[in-house]
Amino acid sequence: MEEYEALWAFGIILSFFTIAPPWFHYQKARRLESSFSPPLGGLELPTLTVLLPVRNESILILGKLDEILGADYPMSKISILVVDSGSTDGTAEIARNHLIENARGIEWRVESVDLPGKSIAVNTALDIINTEIFAMLDADAVLQPDALKLLVRWFQDSDIGGVCGRLDASKGAPDFSYRSRFNTLRIGESLMGSTPIFEGSVCAFRMSSIGSAKISPNINADDSQLAMLVRRNGFRAIMDPELRFTEPDSTNRNQRRRSVRRAQGLVRALLANRDLATFKRGQGRIHAHALFFHVMMPWTLLLSFSSLLASFIVDPFPSLGVGAKTHLISVAILLVVILSKTGRGFLRGASVLLESHVLMLLGVRLNVWETDRE
Ligand code: GDP
Ligand code: MN
């Protein structure tokens, strides 16, 4: 075999093993997603702590509090907990004043934490919450009035430890197709058992599924950390496809930075919980897929494309025959990937992950408290 042929064969085989596992996992998730059926309703609504971790949210906090106060849920059963980490724009005071004026007869509390970081705020909240169920909401998530009801209905099932909503990107948003694939995967994994990747903007947990454990303040992905903790304790963490919410669009530049920051948190959280992965069917395999996709795939993809490229460089014009064919196949693969929407989405995802890995290896941390609100 010529050198360029060896490089080519290596590239082709590696790209197959890069793309096949996520592809099969995705197809399985898609089949399951269509078989979703909601849980039975009609339970007595539990008392609920609504946790709002906030940092410099003076613009959004009023609307968020009003959204909760106007929610379709008996206010006598709601307790609001705002945890502010050193906001410099008066968020805590604004929240306190608003609650004094508008939350008469409702239990509420505004706590301040000195150290920045959402994970630290969440840990502080875990020490304070005294209801069996709590919901956690980001300031910028926009909910339907029945969101809290949809969240808590799942806890009738004693296996369920955590539930999160589904973020619908607007049709024109740059991450629209990424979002729909992400949701399909998370919903499919929820139906297989439990999803390790969570949507912390709108979620709820059963306190007993978290136990006395805490999440790591060094890892940003508080939501996915909690989901993995729930699963570690023998409960399921799921995404509810009916619980739809939206977020205001961010600019393209912010979008990328935010994706990289989230990817970094997620990669750290998945690695810290790598013992949850197994090859056996079922729950362990879901974690293995997540690990493969977020940790290995970006590198194997880069390696396989590089070796296809190298096979060109080593011998750009092989004598007609086999060589011409291998080069033709490489070009065809590249064109399919670049011209198809799915292909481009896959490449973008891999590049975000690669960037987050490289920054991590260089020791650059992207922290949650660097807000990207415009
Ligand atoms: P994203 O949804 O991951 O892009 O992150 P956001 O910037 O929307 O932050 C999610 C929520 O966590 C918002 O309500 C923020 O105000 C809040 N948050 C971010 N950083 C901190 C922090 O250091 N402390 C606290 N208490 N909340 C934070
Ligand atoms: Mn957010």
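For ligands, and for the atoms within them, numbers begin at 1 and follow the listed sequence.
- Not a single ring-ring contact (aromatic ring centres under 6.0 Å, His included) links His287 to another residue, sequence neighbours left out.
- Close contacts of ligand 1 with Glu57, meaning ligand atoms under 4.0 Å from a residue heavy atom, involve 13 (C), 14 (O), 15 (C), 16 (O).
- Some N or O of Arg261 is nearer than 3.5 Å to an N or O of ligand 1, by distance alone.
- Between Ser201 and ligand 1, no N or O atom pair is found at a separation short of 3.5 Å.
- Using a 30° and 60° split on the angle between ring planes, Trp299 and His357 fall in the parallel class, below 30°.
- Looking at Arg258 and Glu247, a side-chain N of the basic residue comes within less than 4.0 Å of a carboxylate O on the acidic one, giving a salt bridge.
- Using the six-membered ring where Trp is involved, His289 and His25 have ring planes that are parallel, under 30° apart on the 30 and 60° scheme.
- Close approach of ligand 1 to Ala121 (heavy-atom distance below 4.0 Å) involves ligand atoms 25 (C), 26 (N).
- Residue Ala139 approaches ligand 1 through these ligand atoms, each under 4.0 Å from one of its heavy atoms: 13 (C), 14 (O).
- For ligand 1 and Val83, the ligand atoms under 4.0 Å from any heavy atom of the residue are 26 (N).
- Contact annotation: Lys64 has no heavy atom less than 4.0 Å from any atom of ligand 1.
- Within a 6.0 Å radius of CD in Gln27, more than 12 heavy atoms belonging to other residues, nucleotides or ligands are found.
- Counting non-hydrogen atoms of neighbouring residues, nucleotides and ligands closer than 6.0 angstrom, the CZ atom of Arg30 reaches no more than 12 such neighbours.
- Checking Ser85, Gly117, Gly86 against atom 23 (O) of ligand 1, the nearest heavy atom belongs to Gly117.
- Near Arg258, meaning under 4.0 Å from any of its heavy atoms, are these atoms of ligand 1: 1 (P), 2 (O), 4 (O).
- For the Mn ion (ligand 2), the set of nearby N, O or S atoms under 2.8 Å includes one belonging to Asp140.
- Between atom CD1 of residue Ile94 and atom CG of residue Asp89 there is a gap of 6.0 Å, rounded to the nearest 0.5 Å.
- Listed by number with element, the atoms of ligand 1 under 4.0 Å from a non-hydrogen atom of Asp138 are 2 (O), 8 (O), 10 (C), 11 (C), 14 (O).
- Atom CG of Leu361 has more than 12 heavy atoms from other residues, nucleotides or ligands within 6.0 Å.
- Taking every non-hydrogen atom of Pro116 and a distance limit under 4.0 Å, the qualifying atoms of ligand 1 come out as 23 (O).
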### Message
Please determine whether side chain to side chain donor-acceptor pair (under 3.5 Å) holds for the pair Arg109 and Thr49, giving the CA-CA distance in whole Å, both sets of side-chain angles, and the decisive distance to 0.1 Å.
### Response
CA-CA 10 Å; Arg109 192 167 159 174; Thr49 300; over 6 Å; no
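- Atoms of ligand 1 lying under 4.0 Å from at least one heavy atom of Asp140, given by number and element, are 8 (O).
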